[in-house]
Amino acid sequence: MDVGAVLIKLKKDTLANVDVWRQEIEQRKAEAIQTLQAEGVKVESWFHLELDGIDYLLAYMRADDIAHAQQVARNSPFDIDKVHKQFKQNWERVIPAKLLVDLENND
């Protein structure tokens, strides 16, 4: 199982677009979950944080193979993935995170 996270610096004055994107994903949750299944993704979580007046997103993923999941997403036939690709226009910079510890309780 692969685990990954990135910190995404948002372009200035795009926070309202984050809420529009979040609402779209929530309203189309079943479709979004279908894309996760197609990509082999078990968990995808998104967080917003503000540091020194700058807005960031933190994206976390747990998948069978993250590289494969990203490849499937790039070629996705799902309309909801088009929404996500358009949302990426709000991103200024993607900063990969380095996994230090990964604990999982399988009980």
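Checked against side chain to side chain contact (heavy atoms under 4.5 Å, CB included), Glu104 has the following partners two or more places apart in sequence or in another chain: Arg62, Asn106. Thr35 meets the side chain to side chain donor-acceptor pair (under 3.5 Å) test with no other residue; sequence neighbours excluded. In this structure Lys85 satisfies the salt bridge (Lys or Arg N to Asp or Glu O under 4.0 Å) test with no other residue, sequence neighbours excluded. Partners of Asp13 by salt bridge (Lys or Arg N to Asp or Glu O under 4.0 Å), not counting sequence neighbours: none found. Glu31 is linked by a side chain to side chain donor-acceptor pair (under 3.5 Å) to Arg28, counting only residues two or more places apart in sequence or in another chain.
At least one side-chain heavy atom of Ile80 sits under 4.5 Å from a side-chain heavy atom of Glu24. Looking only at side-chain heavy atoms (C-beta outward), Tyr60 and Val6 stay at 4.5 Å or farther from each other. The closest side-chain heavy-atom distance from Leu57 to Val18 is below 4.5 Å.
Its side chain outside the 4.5 Å cluster rule for every partner, Val20 clusters with none of the Ile, Leu, Val, Met, Phe, Trp and Tyr residues.
Proximity of a side-chain donor or acceptor of Asp2 to a complementary backbone N or O of Ile66 within less than 3.5 Å is detected.
Of the inter-residue distances, the one linking Glu26 atom CD with Gln23 atom CD reads 9.5 Å to the nearest 0.5 angstrom. The structure places CG of Asp19 at 10.5 Å from CH2 of Trp21, a figure rounded to the nearest 0.5 Å. The structure places CG of Asp64 at 11.5 Å from CD of Glu39, a figure rounded to the nearest 0.5 Å.
For the side-chain hydrogen bond (donor to acceptor under 3.5 Å, both in side chains) condition, the pairs that include at least one residue of residues 68-81, sequence neighbours left out, are Gln71-Arg74, Ser76-Asp81, Asp79-Lys82.
In this structure, Ile25 is a member of the same hydrophobic cluster as Phe78, with clusters built from ILVMFWY side-chain heavy atoms closer than 4.5 Å. Neither Val3 nor Val72 shares a network with the other; the hydrophobic side chains, linked directly or stepwise wherever heavy atoms of I, L, V, M, F, W or Y lie under 4.5 Å apart, form separate groups for each.
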Show every donor-acceptor pair shorter than 3.5 Å between a side-chain atom in residues 41-53 and any protein atom, with sequence neighbours excluded, or say none if there are none.
unit_1, atom_1, unit_2, atom_2, d
Glu44, OE2, Trp46, NE1, 2.9
His48, NE2, Asp55, OD1, 2.8

Exercise answer: donor-acceptor pairs, residues 88-101 side-chain atoms, under 3.5 Å, sequence neighbours excluded:
unit_1, atom_1, unit_2, atom_2, d
Asn90, OD1, Asn17, ND2, 2.7
Asn90, ND2, Phe87, O, 2.9
Glu92, OE2, Lys9, NZ, 3.3

